[in-house]
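Every number for a ligand or one of its atoms is a count from 1 in the order of the listing.
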Amino acid sequence: MVEAVQDAGVVVTGAGGGIGAALARRFAAEGARVVVNDLDADRAEAVADEIGGIAVPGDASAVVTEAREALGGTVDVYCANAGVGSGGTEAAEEAVWALAWDVNVMAHVRAAHELIPDWLERGSGRFVSTVSAAGLLTMIGAAPYSVTKHGAYAFAEWLSLTYRHRGIKVHAICPQGVRTDMLTASGSAGDLVLRPTAIEPRDVADALFKGIEEDRFLILPHPEVAEYYQARATEPDRWLHGMNRLQRQWEEATAR
Ligand SMILES: NC(=O)c1ccc[n+]([C@@H]2O[C@H](COP(=O)([O-])OP(=O)(O)OC[C@H]3O[C@@H](n4cnc5c(N)ncnc54)[C@H](O)[C@@H]3O)[C@@H](O)[C@H]2O)c1
């Protein structure tokens, strides 16, 4: 059991399935009181029933007030997990870009806006962002996803460096493939890049809890991502060349 989360009031957005449901299950198993949010009310309620949590369905951008009431006045841990897979190129429709910004970035900003004043007053709070390895690297065939996940990572980093001396902890989870509906929907690009090393949602929850115990910001359920991230920073052209090789492999496989 992790002492920091026992009896904590926890919110997990997008927790009707996939990684969010695994996080909600793990927090509940660790003795936390969990609010299960999802756009899909039936799925949120099913997970809440299963773990003895409280369902607060709706858009992840507007969950804090109701969740706080449901938890008796305070949110101790907020998991900004809801996300949209948004594939496409520079030619993706404006609406696709707008939804990706809204869910993958602005929902995190809006939640923090509501949470931080209370956390600063109490001198504690934990913000967990489910980013993606695409936020550190990039994902072929998915410009809106890659760009907004970089935004989510930047925001988590900014929160961490701004408030760490005031008792606020931040974790950024950056997995590659995880066996969820989103991986299924990622199609041939996901099959090429993500599926071969895909892990289970509960492995992501395990990695987060290890990171909480070790008080680490960056959570890498696929440890090899650290090497790719380093290669990107130190040898950008070599790294881009390697990524372009993947792009060409994908084009050949799909006859683009
Ligand atoms: N599956 C992967 O390979 C993978 C890899 C890296 C990062 N991620 C990230 O993990 C997070 C969870 O994804 P997942 O793989 O579990 O996908 P998923 O599709 O199984 O679950 C996402 C859930 O979020 C909900 N949702 C979508 N928009 C919402 C909104 N505006 N408000 C509330 N709920 C909303 C959906 O209804 C769904 O239940 C996402 O942020 C995703 O980008 C996934």
Side-chain atoms of residues 90-99: list all donor-acceptor pairs with protein atoms under 3.5 Å, sequence neighbours left out, distances to 0.1 Å.
none

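Taking Glu50 as the reference, Arg25 meet the salt bridge (charged side-chain N to carboxylate O under 4.0 Å, His left out) condition, with sequence neighbours excluded. With sequence neighbours excluded, no residue satisfies salt bridge (charged side-chain N to carboxylate O under 4.0 Å, His left out) with Asp49.
Taking a 6.0 Å sphere around CD of Gln230, one finds it holds 12 or fewer heavy atoms contributed by other residues, nucleotides or ligands.
Ile219 and Met182 are assigned to two separate hydrophobic clusters, defined by single-linkage of ILVMFWY side chains at heavy-atom distances under 4.5 Å.
Residue-level contacts of ligand 1 at the 4.0 Å heavy-atom threshold are Gly14, Gly18, Ile19, Asn37, Asp38, Leu39, Arg43, Gly58, Asp59, Ala60, Asn81, Ala82, Gly83, Val103, Thr130, Val131, Ser132, Tyr145, Lys149, Pro175, Gln176, Gly177, Val178, Thr180, Asp181, Met182.
Remark: Arg126 does not engage Asp76 in a salt bridge, criterion side-chain N to carboxylate O under 4.0 Å.
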